[in-house]
Protein chains: 2
Amino acid sequence: MTQIKRPDDNVQSQNVVPITLTSLKAACSQCNLRELCLPYGLSETEIAQIDHLVGGRRKVKRGHHLYRAGDPFEAIYAIKMGFFKTDILLEDGRDQVTGFQMAGEILGMDGIGTDVHTCNSIALEDSEICIIPFVQLEQLSREVQALQRHFHQVMSREIVRDHGVMMLLGTMRAEERLAAFLLNLSQRFTARGYSPQEFHLRMTREEIGSYLGLKLETVSRAFSRFQDDDLISVHQKHIRILDAGGLKRLLNHQAP
Amino acid sequence: MTQIKRPDDNVQSQNVVPITLTSLKAACSQCNLRELCLPYGLSETEIAQIDHLVGGRRKVKRGHHLYRAGDPFEAIYAIKMGFFKTDILLEDGRDQVTGFQMAGEILGMDGIGTDVHTCNSIALEDSEICIIPFVQLEQLSREVQALQRHFHQVMSREIVRDHGVMMLLGTMRAEERLAAFLLNLSQRFTARGYSPQEFHLRMTREEIGSYLGLKLETVSRAFSRFQDDDLISVHQKHIRILDAGGLKRLLNHQAP
DNA sequence: GGTCTATATTGACCCAGATCAAACGGCCTG
DNA sequence: CAGGCCGTTTGATCTGGGTCAATATAGACC
């Protein structure tokens with residue numbers, strides 16, 4: 001309903017860095033995200049094979065779409081740097097954030113089933129992604145078994161992640177949802193070499209609320225409660241986790 | 001929390017119909033579900049190729065598990081006949097039904113990512129499934145492009161379906177959720193040649209509630225309200241949809 | 001550096017759905 | 001066919017989070 005006003009721009013051709021010798025040099029084999037991203041588990045020689053899989057890069061500025069619901073599906077995207085959200089918009093204006101994605105994670109798999117994207121992908125900070133043309137990914141998957149395997153794992157994990165969100169939305173109370181959300185972010189930041197205790201939220205309270213099935217006021221109140229209980233400290237988007245154990249305990253004890 | 005008491009039995013070896021000439025004869029190329037199931041979109045010759053993909057059949061009696069969270073992942077399963085639910089169980093006893101599956105649909109993709117199943121799959125009526133050993137599926141996917149493509153589509157559609165459930169759980173009111181649920185069931189029964197208006201629910205109110213993030217009493221009350229409004233008629237598990245348009249209208253009008 | 005606008009916090013009140021409780025209806029089993 | 005057991009329906013009451021509203025804070029933009 002509250003259509004966030006942000007620059008509207010996802011012209012496909014714009015900001016696409018063409019493949020050149022220099023860009024190739026910075027493809028998977030040279031990328032420090034390869035242990036988190038699509039090449040995970042591949043041998044050196046296999047990674048070399050998938051280097052030319054990346055059909056270019058694209059910068060997506062904060063607030064801009066990487067793709068929109070309805071766009072034809074042509075490629076999936078690996079986040080080189082930055083932060084995204086995906087959301088679905090109903091005709092009546094209601095929307096639901098379906099996920100937040102960070103460096104090394106894959107975007108766009110929603111489009112495979114129907115050849116059309118079914119959600120919107122929007123950068124929450126200035127970002128850069130690697131374009132992986134899907135036809136080529138399938139082609140190479142037929143040749144490189146480890147790539148095939150890992151791509152299937154990536155899709156499966158997305159399904160499992162979605163089940164976790166369903167659990168959260170279906171059975172958890174507001175504070176549990178937020179605790180789970182913070183712990184999940186912390187864990188993913190840690191995997192990327194950042195502090196587990198301290199990070200900046202890239203999204204608004206409203207976006208967190210949409211993801212967690214709560215109103216922004218409820219999110220804000222839960223943050224304040226956590227702060228009162230010395231579980232975290234919050235200042236706007238800056239979060240410091242003071243008692244991760246306390247947050248975890250919140251998760252396992254359902255209220256009366 | 002309410003652990004439903006049902007026979008406990010998913011011994012893998014039991015009830016597995018071994019591959020014989022006769023069982024092969026009834027594999028994909030002879031199966032009347034092939035337009036709904038994994039072979040969809042494949043040519044006659046391609047379907048012939050995947051006939052020996054099915055590593056046997058297995059009957060699963062009502063209330064029994066096809067697999068459990070924690071079981072090693074080895075195969076995915078195509079439902080030949082019957083009806084299943086999948087659910088996740090939290091340590092504290094809370095559980096969430098993550099889906100209901102019917103003939104032609106694929107089960108088990110949750111296990112690909114970690115080589116271990118992450119949810120439970122339970123038959124809601126006496127059922128029979130085709131076992132598709134995953135190693136062989138990947139093998140054949142590397143050879144038959146159309147199979148690869150379609151398998152990716154099946155996984156992607158599962159992701160999109162999950163997004164729809166997230167939308168439902170995150171933004172819809174109780175009656176909208178139930179209306180969406182009924183319309184979805186109706187549409188899937190129709191695709192299988194059954195009546196769009198009239199069907200038997202295979203699941204309890206509690207299971208519907210778990211899936212929709214509601215309590216069973218709320219589900220029951222919503223059914224009664226729909227009946228009062230002449231949208232449906234309900235008698236226990238027997239449903240007749242009287243006004244599909246009315247149900248659809250419920251979906252698009254969010255309450256004040 | 002001051003104004004503007006988006007985001008965040010906090011308070012007061014309300015309501016959809018949860019909870020508690022009771023009764024009903026199929027159906028299976030002995 | 002009587003008795004017990006689920007699963008379901010319905011009523012009465014309670015409450016977590018939604019809604020409405022006012023204020024605070026901070027970037028962003030001249």
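Heavy atoms only: backbone and side chains are in, while hydrogens, waters and symmetry mates are out. A note on names: the letters A, B, ... follow the listed sequences, proteins ahead of strands, and every chain is numbered from 1. Quick caveat: nothing in here was measured; it's all calculated off a predicted structure.
B:C37 pairs in a side chain to side chain contact (heavy atoms under 4.5 Å, CB included) with only one of the listed residues (B:I79, B:V154, B:I106), which is B:I106. Across A:R58, A:R62, A:K59, A:K61, a single residue satisfies salt bridge (charged side-chain N to carboxylate O under 4.0 Å, His left out) together with A:D126, and that is A:K61.
The two residues B:T98 and B:R161 have their closest heavy-atom pair at O-NH2, 3.1 Å.
Within the 4.0 Å cut-off from OP1 or OP2 of C:dG17, not a single side-chain nitrogen or oxygen of B:T218 is found. OP1 or OP2 of D:dA26 has not a single side-chain nitrogen or oxygen of A:K237 nearer than 4.0 Å. Between B:S224 and D:dT9 there is no side-chain polar atom (N or O) within less than 4.0 angstrom of OP1 or OP2. Dashed line: the shortest gap from a side-chain N or O of B:K215 to OP1 or OP2 of C:dT19 is under 4.0 Å. In this model, the phosphate group of D:dT8 is approached by a side-chain N or O of B:R205 to a distance below 4.0 Å at OP1 or OP2.
As judged by a 4.0 angstrom heavy-atom cut-off over every strand, B:G209 is placed among residues making no nucleic acid contact.
For the pair A:H238 NE2 and C:dT9 P, the computed distance is 14 Å after rounding to whole Å. The nearest whole Å value for the distance from the CD atom in A:E217 to the C1' atom in D:dA21 is 10 Å. Rounded to a whole Å, the CZ atom of B:R94 is 14 Å from the C1' atom of C:dA18. Remark: P of D:dG16 and CD of A:E175 are 10 Å apart, rounded to the nearest angstrom. Put simply, CG on B:L214 is 15 Å from P on D:dG17, counting in whole angstrom units. Atom-to-atom, CG of A:L216 to P of D:dG17 comes out at 15 Å; the value is rounded to the nearest Å.
A donor and an acceptor atom never sit less than 3.5 Å apart when one is taken from the side chain of A:R221 and the other from the base of D:dG16.
Remark on DNA chain D: of its neighbouring residues A:A174 and B:H235, the 5'-side contact belongs to B:H235, judged by nearest-heavy-atom nucleotide.
Nearest to the side chain of A:R173, among D:dT10, D:dG17, D:dC20, sits D:dG17.
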*Go through the steps for A:Y194 and A:F199 under the test ring pair (Phe, Tyr, Trp, His ring centres under 6.0 Å), then give the verdict.*
CA-CA 8 Å; A:Y194 301 110; A:F199 47 85; over 10 Å; no

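Taking the side chain as every heavy atom from C-beta outward, B:F223 and B:L178 approach each other to under 4.5 Å.
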